[in-house]
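Since the structure is predicted, the reported quantities are computational estimates derived from the model, not experimental observations.
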Amino acid sequence: MIKTLAAHIKEFKKASMITPVFMILEVIFETLIPFLMASIIDDGVEAGNMQHIYIVGALMVAAALCGLFCGVMGGKYGARASTGFARNLRQAMFENIQTFSFSNLDKFSTAGLVTRLTTDVTNVQNAYQMLLRMCFRAPISMICAMGMAFFINAELASVYLVAVALLAIVIFFLIRGAMHYFQQAFPKYDELNASVQENVSAIRVVKAYVREDYETSKLKKASQGIYDIFCKAESRVVLNMPVMQFTVYTCIMLISWLGAKQIVNSTLTTGELMSLLTYCMNILMSLMMLSMVFVMLTMSEASAERICEVLNEKSDLANPEHPVYEVPSGDISFEHVEFSYHEDGSKPILQDINLQIKAGETIGIIGGTGSSKTSLVNLISRLYDVSKGSVKVGGRDVREYDMDALRNQVAVVLQKNVLFSGTILDNLRWGDANATEEECRRVCRLACADEFIDKMPEGYHTYIEQGGANVSGGQKQRLCIARALLKKPKVLILDDSTSAVDTATDAKIRKAFAEEIPETTKLIIAQRVSSVQHADHIIVLEDGRINGYGTHEELLKNNEIYREVYESQTGGSGDFDEKAGEE
């Protein structure tokens, strides 16, 4: 874990090394001040030597200024190192997430990834800053103060040793008790973030069903869980302060009492006693700092483990050693394909799939919910890898291609595609960053999106809210189809992506595809028979197997499932614009 995290310090190694140096120098200068103060009292005030007071006083001021400078510089470089470290961690995590396959993403919740990128990284950042500053300052301060105390009077300094030993034991058990609760706390943040994210993204449904009270109670429960765990942890950590104060006051009383006796016996001076009391505070405050460092490190350990889980996660999919960058055609073949989402899956999702699809063909895919229609097409763009057999595009196994090159030639339009905040042109240019406005208008005409875009006040420069909140479901789907077309793919997959479009518009889109992109292989997943009945061939899937394959007329004669679906949709309860859809 440490090796994984340390690799991301990178350009901040210099700041990370300079910070402890300044902290050590600050401690040395601070340690000199009580010693110089003792000299002023004993050799200046009591001896009435003003010149000595001026000289040593000037040295004290110089030591204080040097200590202040070192403290400021330590803070500056410590902040630079810790914030830079956090920046690198977030960047590395985000970049690694971009490489994840769908199966990798299935291991993490969206809320969990957000928590790791925010709360967990902040915890590690704070711990790293404390590590660079306090973890060096506190031990060195305690050692220097202890050394000076023994130099002044070994007998009285031994009181510190006993106090430090007892305090260290107590703090160890307190922190150990709190550690268990801190490790439980951060998964609770995932639950809280998940609740907030789900509520905000589905706020229209919440309001439509008047479930605000339920959502509020769910968030309250998640917040209460975090509150309860931190209360239990802090109830143990908070005992640090009373234990520390008891130890400090006990040491002060013992040293004052024993020191007074030695002053009376002329074995200790007043200045030396004052120095010992100051060193007493330095030693015990250093120990308190260390205890807080341990608490912070304990909290950050759980966060660091969660961060490393993301950083160390390797994509299940990888490019071959010598990838192919050119997809020659839109030919697709499935050869004895089996697929399962989990390696230990008892039953494959897809079983013995054999298909031959020629470039330019339009293939309809129909089947009931759970028949693995989406799983089938996901294998074409290599969003998942087959468990057995092979999927070929352009005559080559998809595992031979560079994944970016393959996915640029296999465009997928999902039923629940996403639009991003920005103008319509910004969203369209996800398909081709260099596309001209005229090219964007052309694909929008193909997708029948120009019908509503032209009616908008700002046309193609209309701003789309996050998630496409200011456009309808059908408009969103048409924009996503246009975006995919802008890639000029050799294979276009429409995964139930016209479900929110009326049948008349659906028919126009199919007609435009047939006329404008005849060489592009088109796979259309649909629930409506009207969306696939004009396809060159139709695949009927049932429980991950091909139940039927043929034209609309052939399947009506030979396939019972297809015939039942067709009759249920056209037996008097068809779409209100069914006639328009057939034109």
Side-chain angles (χ1 to χ4, degrees), residues 98-105 314-341 343 345 348-365 372-414 430-433 481 483-495 497 513-514 516-525 535-539 541 544-546 549:
Q98 302 311 302
T99 69
F100 286 178
S101 66
F102 280 18
S103 57
N104 293 116
L105 290 170
K314 300 300 180 185
S315 175
D316 295 338
L317 306 179
N319 278 334
E321 187 175 351
H322 301 290
V324 177
Y325 291 93
E326 185 66 32
V327 181
S329 69
D331 291 328
I332 301 171
S333 67
F334 285 72
E335 298 177 359
H336 303 289
V337 168
E338 285 191 8
F339 170 69
S340 177
Y341 286 106
E343 293 182 0
I349 302 297
L350 293 168
Q351 302 177 57
D352 197 28
I353 303 295
N354 289 282
L355 286 171
Q356 296 293 329
I357 301 170
K358 296 179 180 178
E361 282 191 323
T362 298
I363 303 296
I365 303 175
S372 303
K373 303 184 293 295
T374 299
S375 299
L376 179 75
V377 297
N378 280 343
L379 299 177
I380 299 172
S381 55
R382 206 187 170 199
L383 297 175
Y384 293 94
D385 268 343
V386 298
S387 302
K388 291 182 181 178
S390 65
V391 177
K392 294 181 179 179
V393 175
R396 285 183 174 271
D397 194 309
V398 293
R399 289 169 290 195
E400 296 178 19
Y401 287 109
D402 173 79
M403 284 189 288
D404 289 347
L406 175 66
R407 290 170 186 170
N408 275 325
Q409 293 300 322
V410 181
V412 183
V413 185
L414 303 174
W430 274 67
D432 181 358
I481 292 171
R483 181 172 65 188
L485 290 173
L486 204 55
K487 295 176 72 172
K488 303 179 182 67
K490 289 187 170 63
V491 178
L492 175 64
I493 299 171
L494 303 179
D495 187 356
S497 53
F513 284 176
E516 300 292 335
I517 51 172
E519 296 180 359
T520 299
T521 306
K522 298 165 281 290
L523 284 81
I524 303 171
I525 295 176
D536 296 309
H537 294 94
I538 301 167
I539 301 168
L541 281 177
R545 291 181 178 273
I546 295 178
Y549 181 80

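Residues L523 and I525 are not in side-chain contact: their nearest non-hydrogen atoms beyond the backbone lie 4.5 Å or more apart. Under the 4.5 Å side-chain criterion, counting only non-hydrogen atoms from C-beta, L383 is in contact with R407. With a 4.5 Å cut-off on side-chain heavy atoms, N354 and H336 count as touching. Looking at heavy atoms from C-beta onward, L376 lies in side-chain contact with L350 at the 4.5 angstrom threshold. Between V377 and V412 the shortest side-chain heavy-atom distance does not fall below 4.5 Å. Within the 4.5 Å cutoff, the side chain of L541 has heavy atoms near those of the I546 side chain.
Nearest heavy-atom pair across P320 and P323 is O-CD, 3.4 Å. The minimum heavy-atom distance linking E338 with P348 is given by the pair OE1-CG, 3.7 Å. Taking both residues in full, the closest heavy atoms of Y549 and Q356 are given as OH-O, 3.8 Å, listed atom of the first, atom of the second, then distance. The two residues A535 and I363 come nearest to each other via the heavy atoms CB-C, 4.2 Å. For R399 against G389, the heavy-atom pair with the smallest separation is NH2-O, 3.1 Å. Between R483 and W430, the shortest heavy-atom contact is CD-CB, 3.6 Å.
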- Message: Could you walk me through whether I332 and L355 satisfy the side-chain contact (heavy atoms from CB on, under 4.5 Å) test, starting with their C-alpha distance in whole Å, then the side-chain angles of each, then the deciding distance to 0.1 Å, before giving a yes or no?
- Response: CA-CA 8 Å; I332 301 171; L355 286 171; over 6 Å; no
- Go through the steps to decide whether Y401 and V410 satisfy the test side-chain contact (heavy atoms from CB on, under 4.5 Å), and finish with yes or no. CA-CA 12 Å; Y401 287 109; V410 181; over 6 Å; no
- Message: Using the rule given for side-chain contact (heavy atoms from CB on, under 4.5 Å), can you reason through V398 versus L379, listing the C-alpha separation, both sets of side-chain angles and the distance that settles it, and then say yes or no?
- Response: CA-CA 9 Å; V398 293; L379 299 177; over 6 Å; no
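By the ring-ring contact (aromatic ring centres under 6.0 Å, His included) test, F339 pairs with Y341, Y384, sequence neighbours left out. Residues forming a side-chain contact (heavy atoms from CB on, under 4.5 Å) with D331 (at least two apart in sequence, or on another chain): S329, K358, A359. Residues satisfying the side chain to side chain donor-acceptor pair (under 3.5 Å) criterion with N378, sequence neighbours excluded, are absent altogether. For F334, the ring-ring contact (aromatic ring centres under 6.0 Å, His included) test picks out no residue, with sequence neighbours left out. Judged as a side-chain contact (heavy atoms from CB on, under 4.5 Å), and not counting sequence neighbours, the contacts of D432 are N434, A435, L486, K488.
Atom CD1 of I539 and atom CD1 of I365 lie 4.5 Å apart (nearest 0.5 Å). We find the CD1-NZ distance between I524 and K373 to be 14.5 Å, quoted to the nearest 0.5 Å. For the atom pair I349 CD1 and Q351 CD, the distance stands at 9.0 Å (nearest 0.5 Å). Note: D536 CG to I357 CD1 = 10.5 Å, rounded to the nearest 0.5 Å.
With hydrogens and angles disregarded, no donor-acceptor distance shorter than 3.5 Å links the side chain of D352 to the backbone of R545. Within the 3.5 Å criterion, the main-chain N or O of T99 finds a donor-acceptor partner in the side chain of S315. Side chain of S390 to main chain of D397: no donor-acceptor pair is present (N/O by atom type, distance under 3.5 Å, no hydrogens or angles). Checking side-chain atoms of N408 against main-chain N and O of A405 turns up no donor-acceptor pair under 3.5 Å.
Between I380 and the options T521, L406, I493, a side chain to side chain contact (heavy atoms under 4.5 Å, CB included) holds for only I493.
Counting heavy-atom neighbours within 6.0 Å of Q98 CD, excluding the residue itself, gives a total above 12.
Within the structure, the salt bridge (Lys or Arg N to Asp or Glu O under 4.0 Å) test picks out the following pairs touching residues 378-396 (sequence neighbours left out): E335-K392, R382-D385, R396-E400.
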